[in-house]
Protein chains: 2
Amino acid sequence: MTRDPATAAASRQPPTMRDVAAHAGVSPMTVSRTLRDEPSVDRVLRERVLAAVEELGYRRNDWARGLRGGGATGLLGLVITNLGNPFYSQLATGVEAVAAEAGLQLLVGTSADDVARERGLVAGLVSRRVEGLVVVPAGTDQGHLAGSSLHGVPVVLATSPASGLAADAVVVDDFGGAREASRRLFLEGHRRIAFLGLSHETWTGQERRRGFTAGLAECGLEVDPELVVTTPAGDHDADTTLWRLMSAPRPPTAVFAANHRGTLAACRWVRSTGERLRIIGFDDIATAPLFAMPVSLVGYSPAELGRRAAELLLERVRGDVDDEPRRVVVATQLSHHGHVDVPA
Amino acid sequence: MTRDPATAAASRQPPTMRDVAAHAGVSPMTVSRTLRDEPSVDRVLRERVLAAVEELGYRRNDWARGLRGGGATGLLGLVITNLGNPFYSQLATGVEAVAAEAGLQLLVGTSADDVARERGLVAGLVSRRVEGLVVVPAGTDQGHLAGSSLHGVPVVLATSPASGLAADAVVVDDFGGAREASRRLFLEGHRRIAFLGLSHETWTGQERRRGFTAGLAECGLEVDPELVVTTPAGDHDADTTLWRLMSAPRPPTAVFAANHRGTLAACRWVRSTGERLRIIGFDDIATAPLFAMPVSLVGYSPAELGRRAAELLLERVRGDVDDEPRRVVVATQLSHHGHVDVPA
DNA sequence: CTGTTAGCGCATTCAC
DNA sequence: GTGAATGCGCTAACAG
């Protein structure tokens, strides 16, 4: 390996096909064909080209390639609210797995639940010519994803259906899961059952509340409005909310938490007071079997959510499906941890 | 084939600057300047251009832009072993945050701990002209990241230092954290202390074992080789290993688990047998305060790991740092959950 | 089987 | 202040 300054300075710029061609004593086209495994290249030249590629450490520039070849970038965009949240990161895993299998790379951005940031991310991804987009929407309306701004880039929504926009969506059976949970609590004998929701009402949150109410209605129980509370964003605030709920004149004997944050707050309350409170929560918690208190959980597979979304997206990218928006619903299952009362 | 505006509007192909220019009655250069906020553009033309952009829903093609403009792709690559693992996804969050702040997009790929896949991913990312690379390495040797194959694309390793390669690295204080844990167990009075490691010995695993041994050596205690065991990949296998360990003639009274998987296996053993066993584990577990048994954990911030890695990388990308490889060590802190014996 | 020409969408350079 | 050439790295389409 020569290491003289001139060579080092020159190699700061990656080599081009022309460099390889010159090195191998052929035309750039022969290099191009060789690298694309066209069978029509002579064995001898082919070897010379590959040797030159090896020696220069050449890597074909995929962007220049796509520019000429019709714009295929091999890119899929994923816009997610928060990668640090295990549910979303597992969803990302599912998307990535399907993308990788199709030979596509994932371009990821996080919106931090901010619609403005989401809009900016989507614009950036479109500028980078992604071939499709999986979006876990931040707000309740996705109108900004419609219109010509996407220029035909297909979009699939995850965790929430399209609102103000005709697009495919993959959602959890939020209604059904919550309904099953509240029915279960009734069958166990509970009559004062609280609902622990989120202050920032998402589509998901609304569905879970609807399911909760419907489940009890089927059992002939009307929900006491005082038992329907929402918890602000912070963990500490959730604890305060729970404390207030349980200090009421007629506290609930059971609580259904609409998401994993609420479930943990309820568990902390039980932990710190030692009181009895039956808890069912939406979202799986991997370590629940180790908890000091019994808990039941409405679980689902976030990775499957991601996989299904990516699959729908790939069908759109390939164009082998008609325009009608589709919806996929991922099932939930109720699991029990610790000793749980058996319904009579 | 030339594109006249009418055809462009009807076609699925996104509009180009030429289309916008024609629509606004100016030259493509004026569009280019306007979109780059050059002040030298007349207000009137500027407005006309922006109107045309709006009307056509035009998005500048970032790849063509980079191709002409010196190759700046605005891309950072992240190769991670498994996005579904909360530690790595939080690490990804840290990288993404720093990248986003610098106006860069993240291209993510998962290696599934497979060196061959890692090599392929890196090659693909280099072909896509990422400006830098954060890699959570799969194997113990990263020789394949060296050589001219990267062509000057800077790399920063996370969770493990560079081996067979001169690159920056950000690591956890694995040695120090494990050392503190084993000393703590000794001070609490334990003399038969087990080490629960991983079968697939990573650099991280070795450091934690070294720290464990060193901590006890400082206390004058030699480690009984029978108490040093490794757990295979699966959760079920880990449980088997633990059961065997605890069924030995002289079982340990305390165990140090080298990672979160081992910690949970130990907790499950306590849960299912009801026996006493003092547990300290490496890696934080968010729900540990809710566990039925006391646990101490050696924690650190994966997000900070990611942030620091991205920061080092950006300095390299900007070239404002010399060649010498740097190493950043992220501190650990020991936390206690549930009732834990106080050292005499 | 191989090389030449032209152009993907944009920005640098230099005229006007 | 604006526009016309020219080329970034690569590859269809067409020669040879």
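Predicted, not measured: the structure shown is a model, and the values here were computed from it. First the proteins, then the strands, lettered A, B, ... as listed; each starts at 1. The analysis underlying the following values was restricted to heavy atoms, covering all of them including side chains, and did not include hydrogens, waters or symmetry mates.
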Find the distance A/L35:CG to D/dC10:C1' and express it as a whole number of Å.
11 Å

Closer than 3.5 angstrom, by distance alone: can the side chain of A/Q105 be matched with the main-chain N or O of B/G109 as a donor-acceptor pair?
no

Can you see if the side chain of A/Y58 gets near the phosphate of D/dC10 - specifically, an N or O under 4.0 Å from OP1 or OP2?
yes

Any side-chain N or O of B/S27 below 4.0 angstrom from OP1/OP2 of D/dG3?
yes

Assess whether atom CD of B/E38 is packed by more than 12 heavy atoms of other residues, nucleotides or ligands within 6.0 Å.
yes

Tell me whether the side-chain N/O atoms of A/R129 come closer than 4.0 Å to OP1 or OP2 in C/dG9.
no

Under the salt bridge (Lys or Arg N to Asp or Glu O under 4.0 Å) test, which residues partner B/E304, sequence neighbours left out?
B/R308

Under 3.5 Å, sequence neighbours excluded: what are the donor-acceptor pairs made by side chains of residues 113-129 of chain A?
{"residue": "A/D114", "atom": "OD1", "partner": "A/A116", "partner atom": "N", "Å": "2.8"}
{"residue": "A/D114", "atom": "OD1", "partner": "A/R117", "partner atom": "N", "Å": "3.4"}
{"residue": "A/R117", "atom": "NE", "partner": "A/T110", "partner atom": "O", "Å": "3.3"}
{"residue": "A/R117", "atom": "NH2", "partner": "A/T110", "partner atom": "O", "Å": "2.6"}
{"residue": "A/E118", "atom": "OE1", "partner": "A/A138", "partner atom": "N", "Å": "2.7"}
{"residue": "A/E118", "atom": "OE2", "partner": "A/H144", "partner atom": "NE2", "Å": "2.9"}
{"residue": "A/S127", "atom": "OG", "partner": "A/A123", "partner atom": "O", "Å": "3.3"}
{"residue": "A/R128", "atom": "NH2", "partner": "B/G74", "partner atom": "O", "Å": "3.4"}
{"residue": "A/R129", "atom": "NH1", "partner": "A/V126", "partner atom": "O", "Å": "3.2"}
{"residue": "A/R129", "atom": "NH1", "partner": "B/R59", "partner atom": "O", "Å": "3.4"}
{"residue": "A/R129", "atom": "NH2", "partner": "B/R59", "partner atom": "O", "Å": "3.1"}

Where the side chain of B/Q90 meets the backbone of B/A303, is there a donor-acceptor pair that is under 3.5 Å apart?
no

D/dC10 C1' sits how many Å from A/D19 CG, rounded?
13 Å

Is B/S160 reaching over with its side chain to a backbone N or O of B/W203, donor-acceptor style, under 3.5 angstrom?
no

How far does the helix from C/dC1-D/dG16 to C/dC16-D/dG1 bend, going by the axes of its first and last five pairs, to the nearest 10°?
40°

Has A/D168 got a side-chain atom pairing as donor or acceptor with A/V156's backbone, closer than 3.5 angstrom?
no

Nearest whole angstrom, please: distance from the C1' of D/dG9 to the CZ of A/R18.
8 Å

Rounded distance in Å - CZ (A/R65) to C1' (C/dG7):
17 Å

How far does CG of B/N85 sit from CD1 of B/I80, to the nearest 0.5 angstrom?
8.5 Å

Taking for A/P28 and for A/A64 the nucleotide of DNA chain C with the nearest heavy atom, the one nearer the 5' end belongs to A/P28

Between B/R307 and B/P302, is there a donor-acceptor pair closer than 3.5 Å when you use the side chain of the first and the backbone of the second?
no

Rounded off to whole Å, could you give me the CZ-to-C1' distance for the B/R128 and D/dC10 pair?
15 Å

Which residues pass the side chain to side chain contact (heavy atoms under 4.5 Å, CB included) test with B/A52, not counting sequence neighbours?
B/V20, B/H23, B/A24

Tell me the interatomic distance from B/L67, atom CG, to C/dG7, atom C1', rounded to whole angstroms.
12 Å

When the distance from CH2 of A/W63 to P of D/dG7 is rounded to whole Å, what number comes out?
26 Å

Are any protein N/O atoms closer than 3.5 Å to N/O atoms in nucleotides 12-16 of chain C? If there are, list each pair with its distance.
{"residue": "C/dT12", "atom": "OP2", "partner": "B/R36", "partner atom": "NH1", "Å": "3.4"}

Decide yes or no on side chain to side chain contact (heavy atoms under 4.5 Å, CB included) for B/Q142 and B/V155, but give the supporting numbers first.
CA-CA 11 Å; B/Q142 292 85 44; B/V155 175; over 6 Å; no

Taking atom C1' of C/dG7 as reference, at what distance in whole Å does atom CG of B/N61 sit?
14 Å

Exam field: side chain B/R316 to backbone B/D322, donor-acceptor pair closer than 3.5 Å:
yes

Using a cut-off of strictly less than 4.0 Å, decide whether B/T30 has a side-chain nitrogen or oxygen near OP1 or OP2 of D/dG3.
yes

Please list residues of residues 39-52 of chain B whose heavy atoms come under 4.0 Å from any atom in DNA chain C, ordered by number; otherwise none.
none

From the options C/dG3, C/dA11, C/dC8, select the nucleotide whose nearest atom is closest to the side chain of B/R60.
C/dA11

